[in-house]
2 protein chains.
Amino acid sequence: MPDADTIRLDDLLTDIDRTGPVPLYFQVAQALERAIRSGEVPAGARLENEIAIGKRLGLSRPTIRRAMQELVDKGLLVRRRGIGTQVVQGQVTRQVELTSLYEDLQGSDHEPSTRVLEHDTKPADEATAEALGVAVGSDVVYLRRQRSTDGVPVAVLENYLPVEFADITTEQLEARGLYQILRGRGVTIKVANQRIGARRAHGDESDLLDIDRGGPVLTMERVAFDNSGRAVEYGHHCYRPDLYAFETTLVAK
Amino acid sequence: MPDADTIRLDDLLTDIDRTGPVPLYFQVAQALERAIRSGEVPAGARLENEIAIGKRLGLSRPTIRRAMQELVDKGLLVRRRGIGTQVVQGQVTRQVELTSLYEDLQGSDHEPSTRVLEHDTKPADEATAEALGVAVGSDVVYLRRQRSTDGVPVAVLENYLPVEFADITTEQLEARGLYQILRGRGVTIKVANQRIGARRAHGDESDLLDIDRGGPVLTMERVAFDNSGRAVEYGHHCYRPDLYAFETTLVAK
DNA sequence: CAGTGGTCTAGACCACCAG
DNA sequence: TGGTGGTCTAGACCACTGA
């Protein structure tokens, strides 16, 4: 039987739009997430069972279940068989997104800017060829950029792209993030394998990041694939560790 | 119509066990993942549509769909409406797991070992209290450990646990990983928020990690929650950057 | 024992894409 | 126009939990 502390979701979810293009499960998930983040549904609260919520909203159990699964995957909810569903105690759980640094910085109310340090077409070395799935020595686009936020340098970005992107201009790169440019050309990044580490700053990196020579930098190496499964970007980047870090939410399966 | 290069999955999936406790979707996902990782289903290959696979295996479409969704979430498959499902081109896609460093190292054929540097009960400072959801100044368990693999130091681990775990012994900590000990007590880690960064080594860290004084270290801060949504571990760790890095697969939603 | 989430089925309609 | 994945329904049975 539902306990006294079970949260009911009456008025939170009255605005379901069955005509629009937004999936029902998504609308429910969004409304519930909003209620949790606003504190309307407090941390640790126990939710009603799936059938009851479905009945109240006039939706089937699978639809409700899928909505809740979204929030489980985001680390906001925890489910236990025979027990029920509860809100995770942790404070505002951040979301990991597959975005570029540019959009990351945009989202946090800062004004990102880019200086293109190098922009060439050159033959692929072994690592690049392997990552992009092209022949060693075949042409690839090479980019080296300095990324700043509010005028302070944050990262040095090195990227390799397939030759098909040779017509991207330096002006475009100074105005927008790489992923935004790719999306404008109909290329959607769907999957990325990345590796995060640390090392000393090399060569001109200390000057470009305005840190001590040989000081620590945070590094990220990434291979990104589009929605057809093809590798479209390979990069290794380094970040000023006092200005940037990677936040993640992990969920056990 | 299916192209000539469409992969059929006849013999790969003949061993479905409907009686055992293993979910059907999981059996299918596992068999398909094995086929992909072994190269039997090559990178870039196009799979049959969901209905056809279901018919061949005698399973419903939702079950097949869920199996494929597992692999999409792992970054092994990419789906496009109106087109079909393909294997991602990238080489062996690694899996991010919510495990402790100890199990990480165990899995990679090395012999991890632990030296306990400190093991106390002490009052929680503000950050710890906030992370664990306890009152400032209330007792928490504090651990500081040096983790090595094949005798080489890899990390210095600092952890805070609720007082309920005060009876964990130093002997246990030297023999097993923290998450293994917790699991043995019926505590399952379900969600974790973590932050990965870099900085200079402080204090005795350079000695403990056998690196240069003030050299770069990779850092990770983590709050972990059990299956009831309660915070059960807060830690900040540092790693030797030449011996350890974090690998992740991100999937756009 | 009753209540919960975990799994599974057999359909249905739709949006999108290629030819 | 035909084939694909994306969504949704209305049931069903099971495994696990707690009282």
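Only a predicted model underlies this, so the values are computations on that prediction, with no experimental measurement involved. Convention: sequence-line order gives letters A, B, ...; per-chain numbering from 1. The figures that follow rest on heavy atoms only: side chains count, while hydrogens, waters and symmetry mates do not.
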Requested in this report: Scan nucleotides 11-19 of chain D nucleotide by nucleotide, 5' to 3', and note B when protein non-hydrogen atoms come under 4.0 Å of the base, S if they reach only the sugar-phosphate, - if neither.
Outcome: -B--BBSS-
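Annotation: the terminal axes of the helix from C/dC1-D/dG18 to C/dA18-D/dT1 meet at 10°, where each axis is the rotation carrying the C1' atoms of four end pairs onto the next four (5 pairs per end, rounded to 10°).
Within the structure, every side-chain polar atom (N or O) of B/N49 is placed at least 4.0 Å from both OP1 and OP2 of D/dG3. Residue B/R65 places none of its side-chain N or O atoms closer than 4.0 Å to OP1 or OP2 of D/dG5. A sub-4.0 Å separation between OP1 or OP2 of D/dG6 and a side-chain N or O of B/R79 is present. For B/Y25, no side-chain nitrogen or oxygen approaches OP1 or OP2 of C/dC8 to under 4.0 Å. Here A/R18 reaches the OP1 or OP2 of D/dT9: one of its side-chain N or O atoms lies under 4.0 Å away. Under 4.0 angstrom from either OP1 or OP2 of C/dG5 there lies at least one side-chain N or O belonging to A/T85.
D/dT4 atom P lies 12 Å from atom CE of B/M68, rounded to whole Å. Nucleotide C/dT7 holds its C1' atom 15 Å from the CD1 atom of B/I16, rounded to whole Å. If you take CD of A/Q69 and C1' of C/dT7, they are 13 Å apart, rounded to a whole angstrom. Note: CZ (A/R66) to C1' (C/dC8) measures 17 Å, nearest angstrom. The distance from atom CG of A/L24 to atom P of D/dA10 is 12 Å, rounded to the nearest whole Å. Atom CD in A/Q27 sits roughly 15 Å away from atom C1' in D/dG6 (whole-Å rounding). In this structure, CG of B/L77 is placed 11 Å from P of D/dG6, rounded to the nearest angstrom. Residue A/D17 contributes atom CG, which lies 16 Å from atom P of D/dT7 at whole-angstrom precision.
Taking B/V187 as the reference, B/F165, B/L182, B/D226, B/V232 meet the side chain to side chain contact (heavy atoms under 4.5 Å, CB included) condition, with sequence neighbours excluded. Applying the side chain to side chain contact (heavy atoms under 4.5 Å, CB included) test to A/R80 and every residue at least two apart in sequence or in another chain returns A/I83, A/Q86, B/N227, B/S228. By the side chain to side chain contact (heavy atoms under 4.5 Å, CB included) test, B/D167 pairs with B/R185, sequence neighbours left out. By the side chain to side chain donor-acceptor pair (under 3.5 Å) test, A/E164 is found to be paired with A/R230, residues two or more places apart in sequence or in another chain being considered.
In summary, of the residues considered (B/N193, B/I189, B/T188), a side chain to side chain contact (heavy atoms under 4.5 Å, CB included) with B/F225 occurs for B/N193 alone.
Nearest to the side-chain atoms of B/S60 among the listed nucleotides C/dC8, D/dA10, C/dT7 stands C/dC8.
For A/F26 and B/E50, each mapped to the nucleotide of DNA chain D holding its nearest heavy atom, the one lying further toward the 5' end belongs to B/E50.
Distance alone, capped at 3.5 Å, places no donor-acceptor pair between the A/Q194 side chain and the B/L250 backbone.
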Query raised in the report: Can A/E221 and A/R195 be said to form a salt bridge (Lys or Arg N to Asp or Glu O under 4.0 Å), step by step?
Result: CA-CA 5 Å; A/E221 199 178 319; A/R195 184 181 169 88; 5.3 Å; no
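Expressed to the nearest 0.5 Å, how far CG of B/L32 lies from CE of B/M68 amounts to 6.5 Å. Atoms CG and NE2, from B/N159 and B/H119 in turn, are 11.0 Å apart once rounded to the nearest 0.5 Å.
Residue A/L59 is in sugar-phosphate contact alone, with no base atom involved, counting any heavy-atom pair closer than 4.0 Å across all strands shown. In this structure, A/I51 reaches neither bases nor backbone, as no heavy-atom distance under 4.0 Å exists between it and the strands shown.
In terms of heavy-atom proximity, B/V140 sits nearest to B/V163 at N-CG1, 4.0 Å.
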